[in-house]
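Lettering follows sequence order; numbering is per chain, from 1.
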There are 2 protein chains.
Amino acid sequence: MLTAELGVTRATAGAVAAELAALGLITVDSRPAAAGHQGRPSHGLSVNPAGPVVLAAQVHADGFRAALVGLGGRIVATAPGCGTVPADPAHVLAAVVEEGAKLLRATGRRCVGAGLAVPSAVAEPDGEALNPLHLAWPAGAPVRRIFRDCLTDSGIDFAVPPRAFTGNDVNLAALAEHRHGAGRGSAHLLCVATGHRGVGGALVLDGRLHTGSAGLALEVGHLTVNPDEGLPCHCGSRGCLDVETDPLALLTAAGRAPGPEVSLLQQARDLVRDEYADPAVATAVALVADRLGLGLAGLVNILNPDRIILGGLHQVLLAAAPERLRAVVADRSLWGRSGGVPVLECTLDHNSLVGAAELAWQPVLDDPLGVLEP
Amino acid sequence: MLTAELGVTRATAGAVAAELAALGLITVDSRPAAAGHQGRPSHGLSVNPAGPVVLAAQVHADGFRAALVGLGGRIVATAPGCGTVPADPAHVLAAVVEEGAKLLRATGRRCVGAGLAVPSAVAEPDGEALNPLHLAWPAGAPVRRIFRDCLTDSGIDFAVPPRAFTGNDVNLAALAEHRHGAGRGSAHLLCVATGHRGVGGALVLDGRLHTGSAGLALEVGHLTVNPDEGLPCHCGSRGCLDVETDPLALLTAAGRAPGPEVSLLQQARDLVRDEYADPAVATAVALVADRLGLGLAGLVNILNPDRIILGGLHQVLLAAAPERLRAVVADRSLWGRSGGVPVLECTLDHNSLVGAAELAWQPVLDDPLGVLEP
DNA sequence: CGTATTTTGTTTAGCGTCGGCACAAAGACA
DNA sequence: TGTCTTTGTGCCGACGCTAAACAAAATACG
């Protein structure tokens, strides 16, 4: 077991592994993992493919999604959910939990917790959704508490009590990418992404999400990135990152009228994918990428991350114009020139969902015996 | 001993106190501290007034300063130092250390470490001064190593080896204010200050300085706060916080030509103190305060601090126009309206110096027995 | 003024965690 | 086949802390 390289002796590593195996979380392979070099080979440790799961869910402007996620961020089963979101959070979350319960019945897996990603800043202690601007929810709705009540009423057989967690979607995406995706190994990870609407940011410091003193940190949407001729923003200013780099901004810059059929994000994605040869589209991408680069440079000056990962439309922009975007970030950040910050794309599918699952897994990882008794 | 309220039992608190007293760091008063209420009174614990000290120093554009600082941030002795700073860091630091050695000889105190504050971002591992723009030093000079070498050569009798620490002046000011000043008790403290030149920021998270992945965080000087008619900045942009809210900006806005006799900061201070009744001065203060408020609001949206403290000229602006500045911060930050962030003045004299001392005290606090044997 | 009560300091015993060590096991190499 | 190298596992002891019991020093009350 190479685990001795985690600053822990073989003795303790073995004890921990035995404990986790006894709880059914991991399996110890009889077949050694890596052979080839001298000495007794290490045991291979792998996540128990029949082990417990958590219920992960995401609500966004265009619908919701539920899934079962195993230890290590592997999605075991998914239910797409419906495409509209009622204005009453309790109704939505009841439907979400119902989908999850169906998945649990279908798979027969044991559920040890639940996590929910929402497109809003989230505050403790009740997981209040502070600004669900893109849902029709009331501001301040205690989403975590509602979610927990839905879980309690669902009849799902939890390891008591039902542990429910809630977080902002971009924050959770960053957490997932840090553990299993493009952010692995980063100590100061900055994630910026367009969700289905608007722009969000997240910061993972030493493996832990930085959400600020009240869960309101990294509201990066209102950095000024186009002071000269910026569009007005609902915040009262103009030229904000939010309105200058979202899907609508790209469509407008390319001279396209948005259609009502699919989400704006999808329309913008399709535009870049299918019509990048069109000079108007390429120009629009360059323009919006420049604005994004300016915003990222400002964040670099304030936060000094060691890596930036981009999601949503921002990821598309990076893929379409990587040199240009990276050059702007380097030129406009004071320290980009000396070394510079890697700017990467997100690599996980459904990273908000996986992040919500990580939230739910956390207490199990912190204290396995406290959560799983039998 | 009320120390039992730190999540530790009376037994351990007593053991720790006894250890610290044995090392000469604190004294246990025979006279009880607080009487009046029932029960056996607690022992009063106070910093040993004859205990060891650290050597703290600050270099800035207009000179340097050395001091001896006891445990708890009390300045024991100060030497003003000279008013000019040579271009060679080794010369400056040799002079600084010489002043410190004089103080040590004069007071007969034991020295257990040394800390230095410089007006530049500082990187590990050698304490490189990355951008000593306002000193004539070469960028990247390994200040911490030079400082340590000067200490070694000084003949000062250290607890071996001479432990030298270096940090950015505003960062260290924030650290000092967090421990002994206006930032006490804050978990997410943001500090913004004009040094003798330019604008700096610092963030103290859960009691620890956040300096970013390479010591470059909180370079807040280049937030855009005057997009419409801003002054050009050496960073290539215009309307930056750095050029819009520094002492020169205030003097210019008030229509005064800066004189060469005293520092710009002092001239700006004097202007506000002596001529605030002049409508031109009051208008200039309001204008610069608005710009500062806009910058602070941007930082609030990104960092979500639970408290902001201001130093240097910014502190003067807050004192002169508190309602106006606080209103701008609240109005322009997305969450200021609901609750809002307290904006306060720094309260410590020589806070950078005290912060440098805190840096030097840290290893003693972490492991008293490891540093102080006899 | 003497006793009871309250609060804190101090000592002791106990527990849990972790590192170090010794020994066993399992493959590689000669 | 025998030795070497590396890892798993069990045992012991050091360390840090908590809890509990006792002593001490003040206030409150009769």
Between B:S46 and B:D29, is any side-chain donor less than 3.5 angstrom from a side-chain acceptor? yes
Quick check on the 6.0 Å ring-centre criterion: do B:H188 and B:H178 meet it? no
Distance in angstrom units between B:R40 CZ and C:dG9 C1', rounded: 4 Å
If a pair means Watson-Crick or G-U wobble with both distances below 3.5 Å, what does DNA chain C look like in dot-bracket form, with | marking bases paired to a different strand? ||||||||||||||||||||||||||||||
Start with the C-alpha distance between B:R184 and B:E177, add both sets of side-chain angles, then the distance that settles salt bridge (Lys or Arg N to Asp or Glu O under 4.0 Å), and finish with yes or no. CA-CA 7 Å; B:R184 228 170 326 191; B:E177 293 285 343; over 6 Å; no
From A:D157, A:T152, A:I156, residue fulfilling side chain to side chain contact (heavy atoms under 4.5 Å, CB included) relative to A:S154: A:I156
Within this structure, what is the CD-to-P distance between B:E19 and D:dC17, rounded to whole angstrom? 10 Å
Find the distance between CD (A:E19) and CD1 (A:I26) and round it off to the nearest 0.5 Å. 9.5 Å
Atom pair CG/CD1 of B:L190 and B:I309 - distance to nearest 0.5 Å: 8.5 Å
State whether a side-chain donor-acceptor pair under 3.5 Å links B:H180 with B:E358. yes
Starting at the 5' end of nucleotides 16-22 of chain C, put B wherever the base has a protein heavy atom under 4.0 Å, S where only the sugar-phosphate does, and a dash everywhere else. ---SB-B
Under the side chain to side chain donor-acceptor pair (under 3.5 Å) rule, collect the residues that match up with A:D306, sequence neighbours excluded. A:S186
Both B:G39 and A:G39 contact DNA chain C. Taking the nearest nucleotide for each, which residue is further toward the 5' end? B:G39
Let me know the distance between NE2 of A:H43 and C1' of C:dA25, rounded to the nearest Å. 9 Å
